[in-house]
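Order of the sequence lines sets the chain letters (A, B, ...), proteins ahead of strands, with each chain counted from 1. If you're wondering where the values come from, they're calculated on a predicted model, not measured in any experiment.
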Amino acid sequence: MAGYDPQRMRNRPAPAADRPSPVDALLDAKPLLDVEIDPSGDAIVHTDHSDIEMTPGGDDVIVTTRDARVEVRADADEVIVETAGEQIHIDTSIHPNSSVVTAADSNRSKLLIGAALGAVVILLLLMLGRRKR
Amino acid sequence: MENLHSGPILAIVNQKGGVGKTTVTLGLASAAAQRNFRVLVVDLDPQANATSGLGVWEPSTTVDTALEFDRPGCASSLAIDSAWALPTPPKLLASTPALSAREPQLANDPVGAQDRLQLALENHGFDLVVIDCPPSLGLLTINGLFAAEQALIVTEPGAWASDGVANVQQTIARISARRNGKPNVAGIAVNRLGRTRDAHYWHTMLLEQYGDAVFAPVHLRAAVAEASAQSLPIHGLGNRPGASDASAEFDALLDAVMPQLSRANAPTSGI
């Protein structure tokens with residue numbers, strides 16, 4: 001044993017305490033969602049780019065982003081989209097032989113409507129499996 | 001399990017693999033159960049070696065359920081019996097290979113998932129909970145360290161394993177700083193100390209670097225490997241040569257890490 005040195009004087013460095021540790025990235029990762037419950041029982045989900053308000057039954061949903069606001073009301077047969085200074089009403093009542101979109105005035109608006117509705121569906125699916133904190 | 005005293009939670013940890021975390025987990029569980037303490041083993045390693053080491057091959061429930069959602073206090077109901085023939089056999093929160101798919105889901109969980117196991121172990125009602133952490137730094141290990149009050153670093157006398165001690169100490173320090181000092185490092189367990197001069201060199205290096213934090217070693221013995229192979233507790237190997245020596249070393253390790261679980265404090269009989 002005496003004199004045995006497998007390191008041959010090349011002593012191993014210890015991790016520097018003043019440098020980021022690999023665990024920091026995991027610990028500092030912010031939740032993608034912050035769920036707030038207001039006194040009336042409504043859930044407000046805050047993300048980096050949007051706020052989603054839901055009534056306890058999930059009947060009314062309001063999604064607000066920097067560029068748009070989408071309202072889905074249980075007591076109205078329409079979805080209201082406000083974006084780029086215009087208000088778009090989407091008729092969700094059943095009309096045989098008619099288009100779903102009734103008040104879009106440009107292709108850009110149709111694209112926005114599609115994207116906004118897609119976002120609502122994705123966020124609703126996301127919310128279904130999550131505990132309200 | 002209601003109204004029962006909930007004892008300490010100990011995480012067995014090292015980001016380095018192959019150092020014997022599962023061996024030490026089961027050795028400590030065997031020592032505590034032999035003294036009639038109620039022990040829960042939490043197997044967080046998707047390889048599920050602690051699960052099979054406790055004689056369980058097809059668990060009906062697993063720790064994956066506890067990690068899926070926030071389920072406060074669910075550990076007691078998810079714990080299953082081990083197959084160890086001891087007066088008070090340990091219970092098990094079993095692992096499954098499917099746990100490897102849980103880790104990326106935890107990392108991407110929209111509301112954060114660092115404390116799922118901690119919530120699951122609320123009011124656990126056991127005298128000792130031992131968490132066998134996986135050999136990597138991810139959300140499973142972080143869940144284990146968030147749940148634990150103390151962390152026992154396991155290493156073996158070798159260059160890379162010694163590097164692992166410094167790395168995991170840093171990891172624990174970062175977590176502890178965010179959790180009001182928990183977990184604290186209970187100490188360093190040197191596992192599989194052999195008779196080679198290289199093993200003695202690295203053991204000496206650990207002692208020089210970490211001093212009193214290094215507990216008396218667990219020596220390399222065939223009996224320990226045979227206990228694993230037969231899914232038996234080391235204290236249940238009978239007269240197998242080396243078994244009593246290995247049992248005594250795990251007894252000493254338990255006394256050093258958890259003095260409150262000494263033989264003097266042991267319950268007189270099992271559940």
Side-chain angles (χ1 to χ4, degrees), chain A residues 1-38 43-54 58 61 63 65 118-133, chain B residues 13 15 68-72 103-116 119 136-143 145-146 157-179 195-206 208-210:
Chain A
M1 177 70 188
Y4 176 72
D5 180 11
Q7 298 189 92
R8 305 283 168 93
M9 307 298 286
R10 297 176 188 165
N11 288 339
R12 313 177 74 75
D18 57 346
R19 288 187 194 162
S21 165
V23 77
D24 290 341
L26 293 166
L27 295 172
D28 293 338
K30 289 181 180 172
L32 299 172
L33 297 180
D34 176 27
V35 182
E36 171 192 347
I37 310 292
D38 74 10
I44 305 172
V45 182
H46 305 281
T47 74
D48 281 351
H49 303 293
S50 62
D51 296 320
I52 304 111
E53 297 176 49
M54 297 176 68
V61 180
V63 181
T65 72
V120 170
V121 170
I122 290 167
L123 288 165
L124 283 174
L125 289 172
L126 203 58
M127 285 297 297
L128 282 176
R130 302 298 171 203
R131 176 184 70 98
K132 291 176 181 177
R133 278 195 166 178
Chain B
V13 66
Q15 294 150 224
E68 189 178 8
F69 298 114
D70 288 355
R71 299 180 198 270
E103 187 148 45
Q105 291 174 16
L106 292 174
N108 292 311
D109 192 280
V111 294
Q114 299 169 341
D115 56 355
R116 292 264 159 87
L119 288 170
S136 60
L137 180 57
L139 263 293
L140 291 174
T141 296
I142 287 177
N143 262 271
L145 289 171
F146 264 66
W160 293 338
S162 297
D163 290 348
V165 173
N167 290 329
V168 76
Q169 269 197 326
Q170 189 185 48
T171 296
I172 294 168
R174 298 297 170 105
I175 291 175
S176 182
R178 288 165 165 80
R179 293 191 60 236
R195 294 178 179 175
T196 65
R197 63 179 182 171
D198 192 67
H200 282 282
Y201 172 86
W202 287 107
H203 186 215
T204 303
M205 293 295 287
L206 286 166
E208 284 179 2
Q209 191 167 355
Y210 300 107

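With A:Tyr4 as reference, B:Asp198 is the one residue of B:Asp198, B:Thr196, B:Thr204 to meet the side chain to side chain donor-acceptor pair (under 3.5 Å) rule. For the side-chain contact (heavy atoms from CB on, under 4.5 Å) with A:Leu26, the qualifying choice from B:Thr171, B:Ile175, B:Leu137, B:Thr141 is B:Leu137, the only one to do so.
With a 4.5 Å cut-off on non-hydrogen atoms, B:Arg178 touches chain A through its side chain but not through its backbone. Of the atoms belonging to B:Asn167, heavy atoms from both backbone and side chain fall under 4.5 Å from chain A. Looking at B:Ala159, both its backbone and its side chain come within 4.5 Å of chain A, counting heavy atoms on both sides.
Interatomic distance, CH2 of B:Trp160 versus CZ of A:Arg12, reported as 8.5 Å (0.5 Å rounding).
Between chain A and the residues B:Ala107, B:Ala166, B:Ala173, the largest count of heavy-atom pairs under 4.5 Å involves B:Ala166.
Nearest approach of A:Val23 to B:Arg174, heavy atoms of both residues: CG1-CB, 3.6 Å.
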